[in-house]
Structure formats: C-alpha cells, structure tokens
Engineer: 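Dropping the structure in here first, questions after.
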Protein chains: 2
Amino acid sequence: MPETPAPAAFPEKIRLNDLVCFAVYSANNAFNRFYKPIMAELGLTYPQFLVLMALWEEDGQGVGQLGERLGLESNTLTPLLKRMETAGVIERRRDKADERRVAVQLTPPGRDLEAKAGALLACVPQATGMTTDELVELRTAVERLRDNLACARDGD
Amino acid sequence: MPETPAPAAFPEKIRLNDLVCFAVYSANNAFNRFYKPIMAELGLTYPQFLVLMALWEEDGQGVGQLGERLGLESNTLTPLLKRMETAGVIERRRDKADERRVAVQLTPPGRDLEAKAGALLACVPQATGMTTDELVELRTAVERLRDNLACARDGD
DNA sequence: CACGATTAAATCGTGCGCGATATAATTGGG
DNA sequence: CCCAATTATATCGCGCACGATTTAATCGTG
C-alpha cells in the first residue's frame with residue numbers, strides 16, 4: 001500500500017485573502033477613498049494629483065514623459081490633462097521644435113497647490129498606522145513587485 | 001554667525017517615488033496589465049475574477065456580502081454582476097424570503113473556471129520575483145495598511 | 001527631394017469605482 | 001394595522017485605465 005498523499009503537497013484551494021494581488025487591489029481602493037475628500041479640497045482627483053507631483057518635480061514635461069513617469073498611456077493622460085487644463089492648473093502647448101510633442105506646464109495656481117497639498121497630506125503617515133521605517137520597507141517591496149511584474153510581462 | 005540651517009531638518013520636497021500610495025497605485029496597474037491576457041483566456045476581467053474567487057469560497061452570497069468581501073458598493077457590483085450573468089458564469093436570483101436580497105449563484109461553467117484559473121495563475125509567484133516568505137510578509141503589510149486606512153477614514 | 005517607416009498624441013469604446021440618488025421590500029413603534 | 005424608518009439593490013453621471021486605431025509630424029534611406 002502506497003503512502004497516503006502528503007497533505008502538505010496537496011494544493012490548498014487558493015483563497016481571496018491569500019492573493020497579494022487582492023491585497024494591493026483593495027489597498028489601492030482604500031487609498032483612493034482616503035484621498036478623495038482631501039483631493040476634493042484641492043479641486044483635484046487622485047490621478048490628477050499624481051500628475052501634479054510629477055510636474056512639481058519637473059515642469060514642462062511632455063505627455064510621453066509623464067506617461068513614463070506614472071506608468072500611463074496617452075489614451076489615459078490626454079483626457080485627464082484636458083480636464084486639468086480646464087480646471088486651470090496646467091497648460092498644454094505644442095512644442096515649436098517638434099510639433100508632435102505637447103509640453104505640459106504648470107500655471108501659477110497649479111504651482112501654489114504644492115504647499116497646500118503638503119499640508120493636507122501630513123496626516124497620511126499617521127493614518128497608515130505604520131512607522132516611517134515600516135513604510136519605507138513596504139514601499140520598497142511594493143516597488144520591487146511592480147517592477148518585476150512589468151518586466152515579466154514584457155520580455156522577462 | 002549662526003549655524004547653517006540643518007539640512008536634515010529642512011523638509012525635503014516630497015517626490016512621487018517617496019509615496020507609498022504611488023507604489024501601491026502603480027503596482028495595482030501593473031497587476032491589472034499582467035492579469036489582462038490571462039483573464040482574457042478565461043473570458044473574464046480582473047474584478048470579475050475576484051468575484052468568482054469569492055463565490056468559489058462560498059456560493060450563493062448576496063450582493064451586499066460580496067461587496068463586504070471585496071470592498072465594493074452595489075453601484076459597482078450590480079453592473080459587473082450583470083455582465084458576468086450575460087457571460088454565463090453566474091446567475092442572479094431574488095431571495096424568496098426577502099425580495100430585497102439578490103443571491104449570486106455560480107453556473108457550472110462558472111464553477112469549472114476554478115481549475116483553469118488555478119493552472120493559468122501558477123505563473124504569478126514566479127513573475128513577482130519574490131520568495132513565498134517575502135510575498136506573505138508583503139501581503140500582510142499591505143493588508144495592515146489597507147485596514148488602517150479604512151478605519152482611519154471611518155471613525156478611527 | 002521623395003516616400004515609407006517611425007514616433008507622439010489623440011480618439012473611440014468598454015469596464016470598473018464611486019458619490020448621489022432612486023426604488024422597492026421589510027421592520028418597528030404607536 | 002399603518003406608516004415612517006430602515007435595509008438591499010439598482011440607476012445615473014463622471015473620471016480613470018487601457019486595447020485598438022487614427023492623425024499628424026519627423027526621420028531615414030535611397
């Protein structure tokens with residue numbers, strides 16, 4: 001009589017709570033919900049805020065550079081940037097040297113939001129209930145996960 | 001002459017890459033992109049797959065229970081479930097005892113997807129480039145972050 | 001210089017995710 | 001028993017996110 005199949009080798013049914021992807025998915029939703037009222041005070045959405053973050057680091061980036069920075073395509077960014085232009089926080093202008101490119105420039109109101117945002121976001125670390133060290137470690141791990149997934153999807 | 005202001009005490013400008021929320025946001029997008037072709041083979045979207053996961057654990061859940069499980073509201077779930085019903089993987093039926101409730105039942109095709117999904121998702125841990133222990137640790141930390149954000153948003 | 005190939009944005013359609021609201025069924029206090 | 005309050009879904013509108021395609025400008029090779 002052969003050995004009974006090792007229970008440990010028998011693949012447990014995978015549950016929702018075992019999936020890293022679900023943890024990330026639901027944490028992202030939780031961040032969105034947490035940020036929504038804060039962003040509303042700035043007259044922004046959360047993705048629009050991320051675009052502004054990128055522009056506060058380097059103004060005048062093209063749509064493609066922003067997409068590279070944020071991991072988004074022009075089909076997402078173009079309408080988003082148009083809404084931000086309507087809201088008066090950025091301006092979009094064609095590059096004179098290369099008319100294919102569109103440079104995104106902060107307006108003075110767009111620049112002024114940086115200080116306000118800094119003040120409003122000061123509460124976030126507290127809300128995470130984690131120490132600074134834990135947050136750095138977590139962020140580093142999530143970035144590694146993200147980058148590995150991205151390059152596994154492309155050519156390894 | 002006074003000391004030069006301590007550089008360490010001077011609050012560095014916060015950069016996109018310092019934000020945990022951006023790491024989570026971009027990792028979630030990366031998961032979506034990674035899963036998309038896999039889910040396409042199952043005829044599903046990623047959120048639809050998460051609903052099926054919940055139903056494979058417990059069939060016949062109501063819309064509200066599913067929402068609780070996934071962290072979603074009826075305004076997200078109702079149209080999503082209708083698409084899944086059209087796709088033939090679930091059925092929705094009003095509860096006889098309480099006509100307000102809608103129970104979500106797996107169809108045989110919906111049940112059969114569990115095995116296929118298991119096979120197709122076997123490649124995921126490899127793609128993350130992390131060890132099992134690292135993934136467990138990461139998932140636990142992300143869940144803690146998510147839960148803390150959720151309860152900070154409600155009544156602390 | 002010409003013209004196909006490449007590059008950069010924009011457009012289109014679909015599916016979430018959610019705030020606000022509506023609809024319908026059940027419950028509970030007088 | 002009745003009707004206001006509560007509960008469970010559903011509806012509506014908006015803003016992402018993205019695959020597929022289009023438009024327009026630039027580049028490269030002959």
Side-chain angles (χ1 to χ4, degrees), chain A residues 21-22 24-40 43-51 61-68 70-87 92-104 146 150 153, chain B residues 21-22 24-40 43-51 61-68 70-87 92-104 146 150 153:
Chain A
C21 66
F22 176 64
V24 171
Y25 165 86
S26 51
N28 185 54
N29 285 345
F31 259 125
N32 263 297
R33 289 190 276 263
F34 187 84
Y35 274 136
K36 180 137 333 202
I38 297 174
M39 291 303 139
L44 295 171
T45 65
Y46 177 50
Q48 289 171 12
F49 165 72
L50 295 177
V51 167
Q61 292 184 69
V63 173
Q65 293 165 67
L66 283 172
E68 186 84 15
L70 300 169
L72 298 173
E73 305 290 330
S74 69
N75 51 10
T76 298
L77 280 173
T78 297
L80 190 156
L81 292 170
K82 283 184 177 178
R83 283 185 288 269
M84 292 177 74
E85 189 170 36
T86 301
R92 300 176 320 128
R93 59 177 68 135
R94 290 273 169 191
D95 185 337
K96 290 289 176 198
D98 184 343
E99 292 277 352
R100 291 172 305 179
R101 303 188 70 254
V102 168
V104 181
R146 173 195 64 196
R153 202 176 79 94
Chain B
C21 66
F22 177 64
V24 170
Y25 165 86
S26 52
N28 185 52
N29 285 344
F31 260 125
N32 263 296
R33 288 190 277 264
F34 186 85
Y35 275 134
K36 181 140 328 204
I38 298 175
M39 291 303 139
L44 296 171
T45 65
Y46 177 50
Q48 288 171 13
F49 165 72
L50 295 177
V51 168
Q61 291 184 69
V63 174
Q65 292 165 67
L66 284 171
E68 186 84 13
L70 300 168
L72 297 172
E73 305 289 330
S74 70
N75 51 9
T76 297
L77 280 175
T78 296
L80 190 157
L81 293 171
K82 283 185 177 177
R83 284 185 289 269
M84 293 178 74
E85 189 170 36
T86 301
R92 300 178 319 130
R93 61 178 68 136
R94 290 276 168 188
D95 185 337
K96 291 288 175 199
D98 184 344
E99 291 277 354
R100 291 172 304 179
R101 302 188 71 252
V102 169
V104 180
R146 172 196 65 195
R153 201 176 80 94

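All chains are named by letter (A, B, ...) in the order of the sequence lines, taking the proteins before the strands, and each is independently numbered beginning at 1. All values below come from the heavy atoms of this structure, side chains included, with hydrogens, waters and symmetry mates left out.
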Engineer: Can you work out whether T76(B) or Y25(B) has the more 5'-proximal nearest nucleotide on DNA chain D?
Structural biologist: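 Comparing both residues, the 5'-ward one is T76(B).
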Engineer: Tell me: CE of M84(B) to P of dG15(C), nearest whole Å?
Structural biologist: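 Distance check: M84(B) CE to dG15(C) P gives 13 Å.
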Engineer: Identify the nucleotide, in any strand shown, that forms a Watson-Crick or G-U wobble pair with dG30(D), with both distances under 3.5 Å; if there is none, say none.
Structural biologist: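 Across any shown strand, dG30(D) pairs with dC1(C).
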Engineer: Measure the spacing between CD of E85(B) and CG of L81(B) and express it to the nearest 0.5 Å.
Structural biologist: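 CG of L81(B) is found 8.5 Å from CD of E85(B).
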Engineer: Mind calculating the distance between CG (L80(A)) and P (dC12(C)) to the nearest angstrom?
Structural biologist: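 Rounding to the nearest Å, CG of L80(A) and P of dC12(C) are 18 Å apart.
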Engineer: Determine: side-chain N/O of Y46(B) to OP1/OP2 of dG15(C), distance under 4.0 Å, yes or no.
Structural biologist: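 Checking dG15(C) against Y46(B), no side-chain N or O comes under 4.0 Å of OP1 or OP2.
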Engineer: Measure from CG on L66(A) to C1' on dA9(C) and round the result to the nearest Å.
Structural biologist: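 These atoms are roughly 13 Å apart.
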Engineer: My understanding is that only one of R100(B), R94(B), R101(B), K96(B) makes a salt bridge (Lys or Arg N to Asp or Glu O under 4.0 Å) with D98(B); could you say which?
Structural biologist: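 Passing option: R100(B).
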Engineer: For the side chain of R94(A), starting at C-beta, report the closest nucleotide among dA10(C), dT11(D), dC18(D).
Structural biologist: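 Within the option list, the nearest is dA10(C).
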Engineer: Would you indicate which nucleotide in dA9(C), dC12(C), dT26(D) comes nearest to any side-chain atom of E99(A)?
Structural biologist: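 The answer is dT26(D), which lies nearest to the side chain.
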Engineer: Which label fits Y46(B) and Y25(A): parallel for a plane angle under 30°, tilted from 30 to 60°, or perpendicular past 60°?
Structural biologist: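 Perpendicular: the ring planes of Y46(B) and Y25(A) meet at over 60°.
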Engineer: Please compare P79(B) and D95(A) by the position of their nearest nucleotide in DNA chain D and report the one closer to 5'.
Structural biologist: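 It is P79(B), whose closest nucleotide lies nearer the 5' terminus.
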Engineer: Without swapping roles, check the side chain of R93(B) against the backbone of V102(B) for a donor-acceptor pair under 3.5 Å.
Structural biologist: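 No; zero donor-acceptor contacts below 3.5 Å.
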Engineer: With a cut-off of less than 4.0 Å, is there a side-chain N or O of T45(B) near OP1 or OP2 of dT14(C)?
Structural biologist: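 No, T45(B) has no side-chain N/O under 4.0 Å of OP1/OP2 on dT14(C).
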Engineer: Taking OP1 and OP2 of dA8(D), is either one under 4.0 Å from a side-chain nitrogen or oxygen of Q65(B)?
Structural biologist: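 Answer no for this pair, as no side-chain N or O of Q65(B) is under 4.0 Å from OP1 or OP2.
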Engineer: Take atom CG of L44(B) and atom P of dT14(C), then tell me their distance rounded to the nearest Å.
Structural biologist: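 It works out to 19 Å between those atoms.
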Engineer: May I ask you to verify if any side-chain N or O of R33(A) is less than 4.0 angstrom from the OP1 or OP2 atom of dC18(C)?
Structural biologist: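 Indeed, a polar side-chain atom of R33(A) lies that close.
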Engineer: Can you check whether S74(B) has a side-chain N or O nearer than 4.0 Å to OP1 or OP2 of dT9(D)?
Structural biologist: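 Checking S74(B) against dT9(D): no side-chain N or O falls below 4.0 Å of OP1 or OP2.
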Engineer: So what does A97(A) touch, heavy atoms closer than 4.0 Å: a base, only the sugar-phosphate, or nothing?
Structural biologist: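 The answer is sugar-phosphate, as A97(A) gets under 4.0 Å only of primed atoms, P, OP1 or OP2.
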Engineer: Looking at the side chain of L72(B), which of dG17(C), dA10(C), dA10(D) is the nearest nucleotide?
Structural biologist: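 So the nucleotide nearest the side chain must be dG17(C).
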Engineer: Starting at CE of M39(A), measure out to CG of L50(A) and round the result to the nearest 0.5 Å.
Structural biologist: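 Reported to 0.5 Å precision, the distance equals 7.5 Å.
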Engineer: Can you identify which nucleotide, out of dG17(C), dG19(C), dC18(D), has its nearest atom closest to the K36(B) side chain?
Structural biologist: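 Nearest to the side-chain atoms of K36(B), counting from C-beta on, is dC18(D).
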Engineer: From C-beta outward on T78(B), which listed nucleotide comes closest to its side chain: dA10(D), dC18(D), dG17(C)?
Structural biologist: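 Closest nucleotide among those given: dA10(D).
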Engineer: Please give, in whole Å, the distance from dC16(D) C1' to N28(A) CG?
Structural biologist: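 Atom-to-atom, N28(A) to dC16(D), this comes out as 11 Å.
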Engineer: E68(B) CD to dT7(D) C1': how many Å, rounded?
Structural biologist: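 Atom-to-atom, E68(B) to dT7(D), this comes out as 14 Å.
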Engineer: Can you tell me which nucleotide in dA24(D), dG17(C), dA8(D) comes closest to the side chain of R100(B)?
Structural biologist: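 Closest nucleotide among those given: dA8(D).
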Engineer: Let's see if you can work this out: which of dC16(D), dT9(D), dC18(D) has an atom nearest to the side-chain heavy atoms of R101(B)?
Structural biologist: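 Between dC16(D), dT9(D), dC18(D), the one nearest the side chain of R101(B) would be dT9(D).
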Engineer: When you match D98(B) and N32(B) each to their closest nucleotide on DNA chain C, which lands nearer the 5' end?
Structural biologist: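 It is N32(B) whose nearest nucleotide is closer to the 5' end.
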Engineer: Please tell me which of the listed nucleotides, dC18(C), dC18(D), dG15(D), lies nearest to the side chain of R83(A)?
Structural biologist: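 For R83(A), the side-chain atoms sit closest to dG15(D).
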Engineer: Can you check the L77(B) CG to dT9(D) P distance for me, whole Å?
Structural biologist: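 Roughly 10 Å, once rounded to whole Å.
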Engineer: Atom CG in L77(A), atom CZ in R92(A): separation rounded to 0.5 Å?
Structural biologist: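 Here the rounded value is 10.5 Å.
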Engineer: Under 4.5 Å between any side-chain heavy atoms of L72(B) and N29(A), yes or no?
Structural biologist: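 Side-chain contact under 4.5 Å: yes.
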Engineer: Quick one: is K82(B) getting a side-chain N or O under 4.0 Å of the dT11(D) phosphate, OP1 or OP2?
Structural biologist: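 For dT11(D), OP1 or OP2 has a side-chain N or O of K82(B) closer than 4.0 Å.
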Engineer: To the nearest angstrom, how far is Q48(B) atom CD from dT14(C) atom P?
Structural biologist: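 Roughly 15 Å, once rounded to whole Å.
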